[in-house]
Engineer: 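First, the structure itself, so that you have it in front of you.
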Amino acid sequence: MWRGGAMARLVVAARAFSASASAGAGGVAMVQGASRGIGLEFVRQLLRRSDQGRVVATCRAPAAAAELHKLREEHAPGRLTVLPLDVTDEATIEAAAASIAETHGSLDLLINSTGILSIPNVIQPETTLGKVQKPSLLLAYEVNAVGPILVIKVKFTGSLLFLFPVVLVGGHSETGRGFSLVANMSARVSSIGDNGLGGWHSYRASKTALNQLTKTVSVELGRKDNIACILLHPGTVDTDLSRPFQRNVPKDKLFTREFSVQKLLSIIDNVKKSDNGKFFAWDGQEIPW
Ligand SMILES: NC(=O)c1ccc[n+]([C@@H]2O[C@H](COP(=O)([O-])OP(=O)(O)OC[C@H]3O[C@@H](n4cnc5c(N)ncnc54)[C@H](OP(=O)(O)O)[C@@H]3O)[C@@H](O)[C@H]2O)c1
């Protein structure tokens with residue numbers, strides 16, 4: 001179970017930082033896409049489960065993230081750091097990595113929660129092929145697939161290695177798990193095998209791409225760096241993302257953020273190294289590709 005220092009440590013910046021700059025007891029989790037919805041709820045629940053664990057919440061506009069500031073005030077100083085990060089802007093990804101390296105040294109857990117389905121006058125889920133447009137396909141791909149992968153991509157800048165989850169430092173996990181975890185938020189509709197309805201071309205395809213990219217990265221990181229990467233489907237959750245499309249969702253199939261994140265954290269807590277590269281639904285069932 002991730003309780004503060006329960007997971008092996010991930011070095012965030014240069015390997016040279018690892019011994020001296022690793023975070024103290026309590027562990028560090030990063031939630032990317034934390035301003036609202038499921039990401040915000042991850043931050044809330046992670047802060048609640050340990051009085052030592054630290055959380056780095058990233059979002060596009062920290063100044064406007066009132067809920068995150070409230071959480072920061074509710075908890076002891078230093079437990080929650082809020083940093084700017086827009087997944088479409090690599091400079092913000094690098095700046096966040098450098099800041100985390102300096103402040104925390106390393107990460108135990110990275111959750112990529114960012115995602116877009118609809119934005120008024122910009123992108124709408126397509127109901128027919130005739131509504132498919134190139135800008136929507138590309139925007140969904142950029143935010144939903146490319147963005148999370150850039151966050152975990154190794155970045156070389158001169159001799160400095162900027163990255164989020166790359167090196168296993170200690171293996172001093174209280175659970176004896178001995179590996180670190182990246183959890184990328186996907187969606188059941190990304191499954192090609194499960195696609196009986198069609199529609200939502202941009203969102204579906206971008207999440208399918210996220211699955212493939214995550215699976216590919218999981219092979220490499222699992223082999224070299226003793227890190228596991230998983231994909232998660234949260235169920236249909238009552239957030240801004242699902243709100244315009246909830247009309248036909250039966251009441252008992254529309255989850256609260258609290259319920260969904262409890263379930264997802266339970267999966268995260270119980271993940272085994274052999275689960276590297278797998279795609280889990282909120283109830284722990286594997287979803288076919
Ligand atoms: N809700 C569901 O029913 C459901 C179902 C299946 C999968 N999911 C997945 O679960 C994840 C979370 O969804 P949600 O329901 O919590 O959505 P949400 O409430 O709409 O929140 C989306 C989050 O993504 C952030 N974001 C959007 N574009 C970004 C960018 N360019 N850079 C950084 N952050 C960006 C938003 O930040 P801003 O506040 O700055 O816009 C917001 O924090 C998504 O990946 C979604 O696809 C959700």
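Start at 1 and go down the list; that is how both ligands and their atoms are numbered. Just so you know, these numbers come straight off a predicted model, no measurement behind them.
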Engineer: So if I only count non-hydrogen atoms and take anything under 4.0 Å from ligand 1, which residues does that give, chain by chain?
Structural biologist: Q32, G33, S35, R36, G37, I38, R60, L85, D86, V87, T88, S113, T114, G115, I116, V143, M185, S186, A187, Y203, K207, H233, P234, G235, T236, V237, T239, D240, L241, S242
Engineer: Under 4.0 Å between a Lys/Arg side-chain N and an Asp/Glu carboxylate O for D269 and R49?
Structural biologist: yes
Engineer: Within the side chain of H233, is there an N or O that forms a donor-acceptor pair under 3.5 Å with the backbone of A187?
Structural biologist: no
Engineer: Indicate yes or no for a side-chain donor-acceptor contact from K215 to the backbone of C229 under 3.5 Å, with no hydrogens or angles considered.
Structural biologist: no
Engineer: Which word best sums up how the rings of F259 and W282 line up, parallel for under 30°, tilted for 30 to 60°, or perpendicular for over 60°?
Structural biologist: tilted
Engineer: Extract all donor-acceptor atom pairs below 3.5 Å that involve side chains of residues 66-75 and protein atoms in other chains or at least two apart in sequence.
Structural biologist:
residue : atom : partner : partner atom : Å
E67     : OE1  : R44     : NH2          : 3.3
H69     : ND1  : R72     : NH2          : 2.8
H69     : NE2  : P62     : O            : 2.6

Engineer: Charged N to carboxylate O under 4.0 angstrom, D238 versus R243?
Structural biologist: yes
